[in-house]
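To keep things clear, I will list the structure first and then write my remarks on it.
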Amino acid sequence: MTTTATPARPTQPTRHYDAQALWQKDKDHFIHPFTDFSVFHDKGCDLITDSDGIYVSDAHGNRYIDGIAGLWCVNVGHGRAEIGQAMADQATRMAYFSTFNNLSNAPATELAAKLAELAPAHLNHVFYSCGGSAANDATIRLVHYYFNRLGKPNKKRILSRRNAYHGTTYLAASLTGIESNNWDFDTLDHLVTHLSEANLYRRPDGMSEADYCDQLVAELEDTIERLGADNIAAFIAEPIMGAGGVLMAPKGYHARMQAVCRANDILFIADEVVTGFGRLGHFFASEAVFDTRPDIINVAKGLSSGYAPLGATLISDDLFEVLGTPQRKGGVLSTGFTYSGHPVSCAAALANIEIMEREGICASVREVGPYLERQLKTLAGHATVGDVRGSHFMLAIENVADKATKALLPVEARVGDRVAAEAQQRGLIIRPVGHLNIISPPLIWDREVVDRVVAILDEAFAATTASLRADGFL
């Protein structure tokens with residue numbers, strides 16, 4: 001089943017902006033995440049002011065196909081009246097009340113039950129946060145608490161991976177293994193050890209996929225032996241590594257890594273902040289796609305399709321048996337957030353899930369996703385396109401200077417930025433990350449939209465190649 005690319009919604013009144021004044025206010029006052037100030041101080045930002053379906057518009061009225069779903073998250077598309085109405089109804093009925101001290105609210109309760117229904121059968125308990133970073137941060141605190149309760153206080157170390165992305169709160173940033181993310185920032189190195197990334201494209205020359213998998217699993221085993229299993233609490237991994245480059249692991253990798261963890265009493269945490277809620281064609285990818293049964297799954301982004309901030313940690317029955325037992329008389333689970341289970345955010349998530357189920361969006365992704373993959377691979381003839389990788393609606397193009405050696409262009413070539421700029425001039429927003437370009441669209445793209453997008457990218461890569469040659473980089 002293929003859903004319509006531009007769902008109908010009631011006509012909204014047009015708001016007119018003074019684009020120059022808004023641009024200046026933004027430049028003067030808004031500290032943007034992941035900002036390159038060498039560019040921002042001169043050029044400021046492109047201000048996105050309106051959205052509808054698969055499209056967004058800027059303050060000047062220019063309209064673009066959204067190729068990144070806001071930021072991996074607007075899965076059901078922009079301007080969904082049902083979600084807005086659900087939020088408005090909840091806000092006017094009861095916008096907020098505490099969920100501390102045996103208090104709750106209807107949307108948070110209903111959503112927890114719905115998540116338990118959708119998740120792998122052993123994950124029946126939900127801890128709410130306000131986004132992916134907070135979900136990962138809260139998870140590690142709960143994991144440490146869990147082992148403390150079991151009388152294993154030395155199990156503190158968390159295994160993550162180089163080029164993993166798990167967020168930017170203090171602990172989540174320490175889990176994150178993208179080196180440039182932490183330039184001049186402090187990290188909690190005494191808590192986190194990074195293993196090698198799982199990167200099929202850049203595996204050792206001549207090594208088979210099976211042998212590469214063996215090497216990565218052996219590294220985990222060697223690391224456990226070196227650190228001591230009694231000192232390691234958990235291994236955290238994205239099913240597909242997202243911001244680190246949409247890196248694909250060899251077949252069987254996740255299941256084998258989980259088996260090693262199980263044998264050593266190490267919890268297996270799946271960070272499904274990006275892969276969850278349809279991006280790979282399933283509400284949860286861990287079991288359905290990667291044959292794993294994590295002890296914990298973290299979600300955010302597509303959980304509410306970005307309509308309201310929300311994150312969640314799904315916890316297994318076995319873990320909850322320990323977490324749900326008071327540690328002493330009068331003791332409470334003394335962690336959480338003012339906005340844990342925020343009723344408006346949970347109402348948005350419930351409406352989002354209802355849309356996904358009613359419109360068969362996961363089934364549509366399973367149909368259209370492979371077509372998107374195939375069509376993007378037709379770009380391989382361009383001079384800089386070294387690899388097109390990913391799965392379904394989570395894809396990346398890696399730009400190189402030499403396809404045979406996989407050598408990169410110099411940083412000053414800004415190849416990812418060039419491609420993104422050329423695409424935007426032609427009506428498509430994609431994400432540049434260094435030498436990469438990431439495509440992570442709303443899940444409502446159909447084949448016609450895919451064809452339009454690939455045609456734009458074909459022109460963008462041709463123009464980029466010409467500019468790189470003119471500037472002496474190729």
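Values below: all heavy atoms of this structure, side chains included; hydrogens, waters and symmetry mates excluded.
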Take the angle between the ring planes of H41 and F37 and call it parallel below 30°, perpendicular above 60°, tilted in between.
-> parallel

Quick one: closest heavy-atom pair of S391 and L280, and the distance?
-> O-CD2, 3.4 Å

From the options L175, I140, T187, L159, select the one residue that forms a side chain to side chain contact (heavy atoms under 4.5 Å, CB included) with V192.
-> L175

E448 backbone acceptor or donor facing R452 side chain under 3.5 Å = no

Assess the side chains of R418 and T464: does a donor N or O sit below 3.5 Å from an acceptor N or O?
-> no

Step by step, would you call E197 with R202 a salt bridge (charged side-chain N to carboxylate O under 4.0 Å, His left out)?
-> CA-CA 10 Å; E197 65 194 44; R202 292 192 174 274; over 6 Å; no

Decide whether T99 and S340 meet the rule of one side-chain donor and one side-chain acceptor closer than 3.5 Å.
-> no

Below 4.5 Å, heavy atoms only, C-beta onward: do E354 and E82 meet side chain to side chain?
-> no

Looking only at atom types and distance, does a side-chain atom of Y96 sit under 3.5 Å from a main-chain N or O of Y339, one as donor and one as acceptor?
-> no

Distance flag, aromatic centroids of H78 and Y55, threshold under 6.0 Å | no

Is any side-chain heavy atom of S286 closer than 4.5 Å to a side-chain heavy atom of I297?
-> yes

Modelled atom types, side-chain donor and acceptor of N181 and Y165, under 3.5 Å = no

Work out which heavy atom in A234 is nearest to a heavy atom in V143; give both atom names and the distance.
-> CB-CG1, 4.3 Å

Side-chain donor-acceptor pair present, E272, T275, cut-off under 3.5 Å | yes

Decide whether S196 and E219 meet the rule of one side-chain donor and one side-chain acceptor closer than 3.5 Å.
-> yes

Can you tell me if K301 uses its side chain to pair, donor with acceptor, with the backbone of F277 under 3.5 Å?
-> no

Over all heavy atoms of both residues, which pair between V368 and D446 is shortest? Give the atoms and the distance, please.
-> CG1-C, 4.1 Å

Using the ring of each side chain (for Trp, its six-membered ring), is F268 parallel, tilted or perpendicular to F235, with breaks at 30° and 60°?
-> tilted

Is there a donor-acceptor contact under 3.5 Å linking the side chains of H60 and D46?
-> no

More than 12 heavy atoms of other groups within 6.0 Å of K25 NZ = no

Please check if the side chain of E373 supplies one atom and the backbone of H392 the other of a donor-acceptor pair under 3.5 Å.
-> yes

Hey, are the side chains of R279 and S440 touching, using non-hydrogen atoms and a 4.5 Å cut-off?
-> yes

So, for H32 and F30, is the gap between ring centers shorter than 6.0 Å?
-> yes

K156 side-chain N/O to L191 backbone N/O, donor-acceptor pair under 3.5 Å | no

For residues L436 and R389, determine if any side-chain heavy atom of one lies less than 4.5 Å from a side-chain heavy atom of the other.
-> yes

Among side-chain atoms of N399 and T384, is any donor-acceptor pair under 3.5 angstrom?
-> yes

Which pair of heavy atoms, one from A383 and one from L474, lies closest together, and at what distance?
-> CB-CD1, 4.5 Å

Flag if over 12 foreign heavy atoms under 6.0 Å of CD, E412 = yes

Please indicate whether Y64 has more than 12 foreign heavy atoms, meaning atoms of other residues, nucleotides or ligands, lying under 6.0 Å from its OH.
-> yes

Please report the closest heavy-atom contact between T313 and T139, naming both atoms and the distance.
-> OG1-OG1, 3.0 Å

Consider only side-chain N and O atoms of N352 and S305, and report whether a donor and an acceptor are under 3.5 Å apart.
-> yes

Side chain to side chain contact (heavy atoms under 4.5 Å, CB included) with E398: of N437, V415, D387, only one passes, and it is D387

